[in-house]
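For reference, the structure discussed in these notes is given below.
For this chain, numbers begin at 1 and follow the sequence in order. Computed from a predicted model, the values in this text were never measured in an experiment.
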Amino acid sequence: MIRGSVLVIAPHPDDETFGCGGTIATLAASGMDVYVQLIVQHAINTGGPSAARVTADRGKEFVRACGKLGVSDFHVMIEDGDHRDTLHADTARLVESIESGSPISIDRVRPQLVLLPARGAFHQDHQVAHQAAFAASRNRGTGHHTPAVILGYQCPEDTWSSHLEQTTCSLDVTHHYGQKQAAIECYRYQTKPDPHVRSLIGIERADALQGAAVGVEYAESFVTYRTDLKFIAEAARTQGLACENI
C-alpha cells in the first residue's frame, strides 16, 4: 500500500468529485488517507429545486459523495457563504486556514500530495482557490510541512477556459471508476442533462478520452505544479501511479 496522505482543495461541493473523484477513490483504496477541504458550501443552485432547499441538500450531497469515494475526513471552511464575494474578500484567511488553521490543514495532515483546482480554471472563484492553496503549499521553513507533489485538477467546465493548461500527469482510475460515478449521482442538483459537459455521460466521455491517451479505460489527468520524483517513484512501484511527460 502507498503510505501517506492527500489533501484535496475543493472550492464548492461537487468539485472534488467532478474534478478528481476517480483519483480520490483510487488513492483511498491504495491505503492513503484522503482529506477534502471544502472552501465554501454556498446556496447557489445550478439547475435543481428552489434555492431555499439547496444549502442543506448540497451539504448532504457532499457528505454522501465523500462516503462513496472513501474520503478519510473533510472540513467545510465557510458554511452558507456567498461564493461570489467570500473567496475574493478573504484570500489571506483562506491561505492561513489551508496552512494551519483548518482541522485538516497542511500542517496537521501533512500531505505528500495536494490536489487543487488548476490555475487556468474557467471560474474565477476556482482561480482564487488555486492561488490560496498554492501559496499555502510553499516551503514555510522549519516546523511547517511542505507537500512533495502539487497537481491541478480540471473541472468539466474548464474546457470553456481561454487559459486551459496542458495536463502532464495521468492516473488510471478504471478499477474505481464506479465509485466516481456513484459520487456524481449524489449531486443531483449540480449535474446537467447530456450533452452538457457536467452531465454524467459527458464526464464519463472526458475521462474515457483521457484514458485512451494512456491506454486504459478511464483516467484523470492533472497539471503538474510541483513534483518530488522520489515520492512519485515510490508510489509508482507500489500502486502504478504514473506521471507522463514531466
Side-chain angles (χ1 to χ4, degrees), residues 5-21 23-24 27-28 32-46 51 54-119 121-138 140 144-147 150-155 157-158 183 186-187 189-190 225:
S5 63
V6 180
L7 179 61
V8 180
I9 306 299
H12 316 112
D14 77 35
D15 292 326
E16 79 298 325
T17 295
F18 290 16
C20 56
T23 296
I24 291 174
L27 295 182
M32 298 191 80
D33 292 320
V34 182
Y35 301 91
V36 177
Q37 177 62 73
L38 177 61
I39 305 297
V40 180
Q41 183 175 294
H42 62 70
I44 300 301
N45 179 14
T46 64
V54 171
T55 301
D57 288 338
R58 290 202 70 180
K60 292 176 182 177
E61 288 179 335
F62 174 68
V63 172
R64 287 196 297 268
C66 286
K68 298 291 185 183
L69 297 175
V71 169
S72 297
D73 198 5
F74 58 83
H75 176 251
V76 181
M77 192 177 295
I78 303 170
E79 297 266 7
D80 303 335
D82 185 342
H83 75 305
R84 294 167 297 186
D85 299 323
T86 304
L87 295 184
H88 296 80
D90 293 334
T91 303
R93 184 162 68 93
L94 295 183
V95 174
E96 188 278 330
S97 294
I98 296 169
E99 287 175 346
S100 58
S102 167
I104 57 170
S105 67
I106 288 172
D107 280 348
R108 296 192 185 193
V109 304
R110 304 181 66 81
Q112 284 88 350
L113 169 63
V114 170
L115 298 177
L116 42 68
R119 180 178 57 222
F122 175 73
H123 293 298
Q124 61 183 11
D125 42 347
H126 286 219
Q127 296 170 18
V128 172
H130 168 90
Q131 294 166 357
F134 191 71
S137 299
R138 71 193 183 282
R140 289 175 286 131
H144 299 285
H145 179 71
T146 303
I150 304 174
L151 302 177
Y153 63 85
Q154 294 175 335
C155 289
E157 58 271 33
D158 288 350
C186 292
Y187 287 112
Y189 295 121
Q190 306 307 314
Y225 298 112

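Closest non-hydrogen pair, C186 versus E61, comes out as O-CG, 3.1 Å. Of all heavy-atom pairs spanning A129 and P11, the tightest one is CB-CG, 3.8 Å. Across all their heavy atoms, V95 and R138 have their closest contact at CG1-NH1, 4.2 Å. Heavy atoms only, all atoms of each residue included: R58 and P13 are closest at NH2-O, 2.6 Å. Residues G19 and C155 come closest through the heavy atom pair CA-SG, 4.3 Å. Nearest heavy-atom pair, Y225 versus R119, reported as atom, atom and distance to 0.1 Å: OH-N, 2.8 Å.
The closest side-chain donor-acceptor pair between H12 and D125 falls under 3.5 angstrom. A donor and an acceptor atom, one from each side chain of Q131 and T91, are nowhere located under 3.5 Å apart. Between the side chains of H144 and E99, no donor N or O sits under 3.5 Å from an acceptor N or O.
Atoms CZ and NE2, on R108 and H75 in that order, are 9.0 Å from each other to the nearest 0.5 Å. Atom-to-atom distance recorded for L7:CG and Q112:CD is 11.5 Å, nearest 0.5 angstrom. Taken from SG in C20 to CG in L116, the straight-line distance is 9.5 Å, to the nearest 0.5 Å. In this structure, CD1 in I104 is found 9.0 Å from CG in L38, a value given to the nearest 0.5 Å. To the nearest 0.5 Å, atoms CG (L27) and CG (D33) are separated by 11.0 Å. Considering CZ of R140 and CG of D107, their distance stands at 4.0 Å, rounded to 0.5 Å.
The main-chain N or O of R110 is found under 3.5 Å from a side-chain atom of S5 such that the two form a donor-acceptor pair. Distance alone, capped at 3.5 Å, is enough to place a donor-acceptor pair between the E16 side chain and the D14 backbone. Proximity of a side-chain donor or acceptor of S102 to a complementary backbone N or O of I98 within less than 3.5 Å is not detected. D158 places no side-chain N or O within donor-acceptor distance of the main-chain N or O of A121, the cut-off being under 3.5 Å. Using modelled atom types, one side-chain atom of H130 and one backbone atom of P117 make a donor-acceptor pair closer than 3.5 Å.
Taking 4.5 Å as the limit, some side-chain heavy atom of V63 sits within range of a side-chain heavy atom of F74. Taking the side chain as every heavy atom from C-beta outward, P111 and I106 approach each other to under 4.5 Å.
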(request) Assess whether side-chain contact (heavy atoms from CB on, under 4.5 Å) is satisfied between Y153 and T23, documenting all intermediate values. (result) CA-CA 10 Å; Y153 63 85; T23 296; over 6 Å; no

(request) With side-chain contact (heavy atoms from CB on, under 4.5 Å) as the test, would you mind laying out the steps for L94 and I78 before giving the verdict? (result) CA-CA 10 Å; L94 295 183; I78 303 170; 4.2 Å; yes

